[in-house]
Amino acid sequence: MTPDPSEPSPAEASHCATSHCATPRDAWDGHARSVICLIGPMASGKSTLGRAVARELGVPFADTDALVVAQHGPIADLFAERGEAEFRRLETEALRTALAAASVHGGVIATGGGAVVVPENRELLSGVFTAYLTISRDAVAPRILRDRHRPLLGPRPAPDDEPPAPDAGPLERWAQILAEREPLYREAAQTVVDVGTGPVATNAARILSAYRRHTQATEEQQK
Ligand SMILES: Nc1ncnc2c1ncn2[C@@H]1O[C@H](COP(=O)(O)OP(=O)(O)O)[C@@H](O)[C@H]1O
Ligand SMILES: O=C(O)C1=C[C@@H](OP(=O)(O)O)[C@@H](O)[C@H](O)C1
Ligand SMILES: [Mg+2]
């Protein structure tokens with residue numbers, strides 16, 4: 001028998017029966033088709049918080065970076081061997097895939113910090129609830145200095161015909177990149193959530209509250 005798409009799958013029903021969800025039906029009506037996309041600068045917590053929000057909602061989590069890595073290998077290698085433009089193309093493909101899956105059963109999607117620079121991605125994001133996660137430079141500093149896997153925060157090679165410029169350092173580069181992208185984040189987001197303080201659970205709850213406020217406001221408008 002073809003499953004009724006309006007009903008929770010056995011997996012969803014069993015999740016809801018064993019977790020915080022009141023009943024499978026409530027969970028399905030309340031959240032199961034929820035789609036939340038997270039955008040924001042590198043190391044703001046999109047991947048970590050996206051996973052936590054998805055778990056809370058009982059919907060699948062997708063990370064566009066992880067999708068790219070699973071299919072094409074490490075991001076640092078892609079940047080070095082195939083260039084940023086090719087990485088952006090693969091990122092758009094991953095975003096499309098993640099959105100298509102989430103549109104069926106709901107889902108939370110963490111994008112990479114640079115997803116908003118591609119107009120096609122901004123167009124894709126405009127169809128779903130998108131939250132811009134903000135964090136101060138001071139709060140992000142220990143993360144940036146600890147995690148050294150992001151190619152855009154590594155030393156920039158000077159062009160062949162120029163003397164090497166003094167290295168600005170990863171935190172300075174993070175701030176420069178954020179300044180360039182900030183208007184794009186704001187344009188693409190329905191809401192801005194500051195996630196610079198507090199533990200993961202607190203920040204996940206902030207994102208969920210923003211999502212619920214948005215959903216309620218949208219429902220009020222439609223009445
Ligand atoms: N609320 C938080 N408190 C402390 N550390 C966090 C928090 N959220 C994320 N982190 C840590 O910050 C780092 C970057 O988080 P990540 O989710 O990879 O960010 P992004 O996906 O935005 O680049 C990770 O080491 C993660 O464990
Ligand atoms: O800001 C960017 O351009 C990038 C952010 C990274 O993702 P996170 O924001 O999850 O670190 C990753 O997509 C890649 O290194 C490029
Ligand atoms: Mg990430």
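Atoms within each ligand, like the ligands themselves, are counted from 1 in listed order.
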What protein heavy atom lies closest to atom 10 (N) of ligand 1? Include the residue and the distance to one decimal. R143 CZ, 3.6 Å
Test item, R143 contacting ligand 2 (heavy atom, 4.0 angstrom): no
Which residue and atom name correspond to the protein heavy atom nearest atom 19 (O) of ligand 1, and how close is it? G45 N, 3.1 Å
Sequence neighbours excluded, every pair satisfying ring-ring contact (aromatic ring centres under 6.0 Å, His included) that has a member inside residues 35-85: F79-F87
Element-labelled atoms of ligand 2 that are located less than 4.0 Å from some non-hydrogen atom of R88: 2 (C), 3 (O)
Ligand-residue contact atoms, ligand 2 with F87, heavy atoms, under 4.0 Å: 13 (O)
Within a distance under 2.8 Å of the Mg ion (ligand 3), the protein atoms of type N, O or S are S47 OG
For atom 18 (O) of ligand 1, which protein heavy atom lies nearest, and how many Å away is it? R150 NH2, 3.6 Å
What are the two closest heavy atoms between T197 and R206, and how far apart are they? O-NH1, 2.9 Å
Among non-hydrogen protein atoms, atom 25 (O) of ligand 1 lies closest to R146 NH2, 2.9 Å
Could you tell me whether ligand 1 has any atom less than 4.0 Å away from a heavy atom of G113? no
Please state which part of R181 comes within less than 4.0 Å of ligand 2, counting heavy atoms only: side chain, backbone, both or neither. side chain
Residue portion contacting ligand 1 (non-hydrogen atoms closer than 4.0 Å) for D147: side chain
Has ligand 1 got any nitrogen or oxygen that is less than 3.5 angstrom from a nitrogen or oxygen of V195? no
Please state which protein non-hydrogen atom is closest to atom 17 (O) of ligand 1 and give its distance, to 0.1 Å? T48 OG1, 2.5 Å
If the cut-off is 4.0 Å to any non-hydrogen atom of L152, which atoms of ligand 2 fall inside it? 2 (C), 3 (O)
So is A43 in contact with ligand 1, going by heavy-atom distances below 4.0 Å? yes
If you measure every N or O of G113 against every N or O of ligand 2, does any of those distances drop under 3.5 Å? yes
What atoms of ligand 2 come within less than 4.0 Å of a heavy atom belonging to P151? 15 (O)
Residue, atom and distance of the protein heavy atom nearest atom 12 (C) of ligand 2 read D65 OD2, 3.2 Å
Name each donor-acceptor pair under 3.5 Å that joins a side chain in residues 182-189 to protein atoms two or more places apart or in another chain, with its distance.
residue : atom : partner : partner atom : Å
E182    : OE1  : Y132    : OH           : 3.1
E182    : OE2  : Y132    : OH           : 3.4
E182    : OE2  : R186    : NE           : 2.6
E182    : OE2  : R186    : NH2          : 3.0
Y185    : OH   : G40     : O            : 3.3
Y185    : OH   : G113    : O            : 2.5

Counting both backbone and side chain atoms, is some N or O of G114 under 3.5 Å from an N or O of ligand 2? yes
Just which atoms of ligand 2 are under 4.0 Å from any heavy atom in G112? 7 (O), 9 (O), 13 (O)
Given that the side chain starts at C-beta and the backbone is N, CA, C, O, which of these parts of V117 lies under 4.0 Å from ligand 2, counting heavy atoms, or is it both or neither? neither
Of the side chain and backbone of H149, name the one, both, or neither that has a heavy atom under 4.0 Å from an atom of ligand 2. neither
Within 4.0 Å of some non-hydrogen atom of I75, the atoms of ligand 2 are 14 (C), 15 (O)
Nearest heavy atoms of V35 and G106, plus distance in Å: CG2-CA, 4.3 Å
Can you see which heavy atom on L133 is nearest to which on P41, and at what distance? O-CD, 3.3 Å
Has ligand 2 got any nitrogen or oxygen that is less than 3.5 angstrom from a nitrogen or oxygen of R150? yes
Closer than 4.0 angstrom: is that true for some heavy atom of P41 and an atom of ligand 1? yes
Going by atom type alone, with no hydrogens or angles, which donor-acceptor pairs under 3.5 Å involve a side-chain atom of residues 140-151 and a protein atom two or more places apart or on another chain?
residue : atom : partner : partner atom : Å
R143    : NH1  : A43     : O            : 2.8
R143    : NH1  : S44     : O            : 3.3
R148    : NE   : L145    : O            : 3.0

Could you tell me whether ligand 1 has any atom less than 4.0 Å away from a heavy atom of L49? no
